[in-house]
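All of these numbers come straight from a predicted model, not from anything done at the bench.
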Amino acid sequence: MVLFLVAFIFLFSFHLWYLSNQVKESVSFTVYMNESSTPEDAINLEKEIQKSNVVKTTKYNSVEDITNMMNKDFGADHLDVLGDYNPYKATIEVHLKAESMKVNQIKQFIRTLESKPTVEMVDYRDDLINNINTAYYNTSALVIIIFLCLLFISITLINHTIALTIKNKKLLIRSMQLVGAKPSFIRRPFLWKGLWLGLIGGLIADALAVAVMAAIYNHLNNPDITPFLRTYILLGAGIIILGAVLSFVFSYIAVLRNMNLKNYKLYN
């Protein structure tokens, strides 16, 4: 159960990180071209923007595209009052990578774009980006605190459980010492048992985690798990290894402690 809780908090943290990245990358800012710019200027600028390592996707909207979009919303004759003048300008919609959604980094990138002679202005919501980052950091801090507390409790429980189990064998350990058994010979069965119990505990924890995730995915109408499959496999293997390592290490410590007990403590 302890390993299952560790696995579950890992899964929760991973999906929180993934969801926050999705939200961050859905935020965009718009580059407005000036009236003197040509479609070729906009296309060349879009290609230049795409070369930046902070950019995820871009979308060029010509004046005709924007006009047709507005015609759907306001009617095909909404520009008739302006005669031949079309106030709409070509734009480039830019989405940044999640790891680049830092206000200072974005402002520097926007200043570079606004310095271009073909760009009139860049429109972006710095308050929205600040709110997203603040919410993510606050939630992450809470999850980390919960995870550290849970990890401490987990290690303590496993340690005490193994220590109590081996302490019940302290008379057997002393008997083996008295007949001349080597320390490695005395430790071996306890270490193997601890290792196997850790592996079994990790497998059971993985099975419980799979059952819970299957129930959640079934409730969500079975979305595609392909993007998460590699993470799930690594996490499952990590939980098994964690269980085995903790059990092995704590078994070693407990056996060593009981091998060095003073005589008056044998019957306490």
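Closest approach of Gln50 to Thr58, counting heavy atoms only: NE2-OG1, 2.8 Å. The two residues Ala42 and Met33 make their nearest non-hydrogen contact at CA-CE, 3.7 Å. Shown here for Asn34 and Pro117, the closest heavy-atom pair between the two residues is ND2-O, 2.7 Å. Here the closest non-hydrogen pair linking Gly198 and Leu3 is O-CD1, 4.4 Å. Nearest heavy atom pair, residue Asn53 against residue Lys97, reads O-NZ, 3.2 Å.
Ile204 CD1 to Phe4 CZ: the interatomic distance, rounded to the nearest 0.5 Å, is 12.5 Å. For the atom pair CG (Leu148) and CD1 (Ile9), the distance works out to 10.0 Å, reported to the nearest 0.5 Å. Atom CD1 of Ile200 is separated from atom CG of Leu195 by 10.0 Å, given to the nearest 0.5 angstrom. Distance CG/Asn44 to OG/Ser37: 11.0 Å, rounded to 0.5 Å.
Panel note: side chain Ser247, backbone Ala244; no donor-acceptor pair is recorded below 3.5 Å. A donor-acceptor pair under 3.5 Å is absent between the side-chain atoms of Ser52 and the main chain of Ile49, judged by distance alone. Proximity of a side-chain donor or acceptor of Asn61 to a complementary backbone N or O of Glu93 within less than 3.5 Å is not detected. Side chain of Asp41 to backbone of Thr38: a donor-acceptor contact under 3.5 angstrom is found.
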Assess the residue pair Leu5 and Phe10 against the criterion (side-chain contact (heavy atoms from CB on, under 4.5 Å)); give the C-alpha distance rounded to whole Å, side-chain angles, the decisive distance to 0.1 Å, and a yes or no. CA-CA 9 Å; Leu5 291 175; Phe10 262 116; over 6 Å; no
Verify salt bridge (Lys or Arg N to Asp or Glu O under 4.0 Å) between Glu46 and Lys59, making sure each step is shown before the conclusion. CA-CA 8 Å; Glu46 183 185 21; Lys59 181 183 178 183; over 6 Å; no
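Cluster annotation: Leu246 is connected to Phe190 through the hydrophobic network of ILVMFWY side chains, with a link wherever side-chain heavy atoms come within less than 4.5 Å. Both Tyr137 and Leu142 are assigned to one and the same hydrophobic cluster, defined by single-linkage of ILVMFWY side chains at heavy-atom distances under 4.5 Å. Side-chain heavy atoms closer than 4.5 Å link hydrophobic residues (I, L, V, M, F, W, Y) into clusters, and following such links, even through other members, never connects Ile253 to Leu197. Hydrophobic cluster membership is shared by Val94 and Ile43, with clusters built from Ile, Leu, Val, Met, Phe, Trp and Tyr side chains linked at under 4.5 angstrom.
Hydrophobic cluster membership of Tyr32, counting Ile, Leu, Val, Met, Phe, Trp and Tyr whose side-chain heavy atoms lie under 4.5 Å apart directly or via other members: Met121.
Heavy-atom neighbours of Phe14 CZ from other residues, nucleotides or ligands within 6.0 Å: above the threshold of 12.
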Identify each donor-acceptor pair in which a side-chain atom of residues 225-238 lies under 3.5 Å from a protein atom, sequence neighbours left out, and give them as a table.
| from | atom 1 | to | atom 2 | distance (Å) |
| --- | --- | --- | --- | --- |
| Thr226 | OG1 | Asp224 | OD1 | 2.7 |
| Tyr232 | OH | His15 | NE2 | 2.7 |
| Tyr232 | OH | Tyr217 | OH | 2.5 |

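Between Thr91 and Tyr60, the closest side-chain pair of non-hydrogen atoms is not below 4.5 Å. Considering only heavy atoms from C-beta on, Leu242 comes within 4.5 Å of Val6 through its side chain. Counting only heavy atoms from C-beta outward, the side chains of Leu208 and Val212 never approach each other to under 4.5 Å. Between Glu48 and Leu45 there is a side-chain heavy-atom pair separated by less than 4.5 Å. The side-chain heavy atoms of Phe12 and Trp17, taken from C-beta on, include no pair separated by under 4.5 Å.
Legend: side-chain hydrogen bond (donor to acceptor under 3.5 Å, both in side chains) pairs involving residues 192-213, not counting sequence neighbours: none detected.
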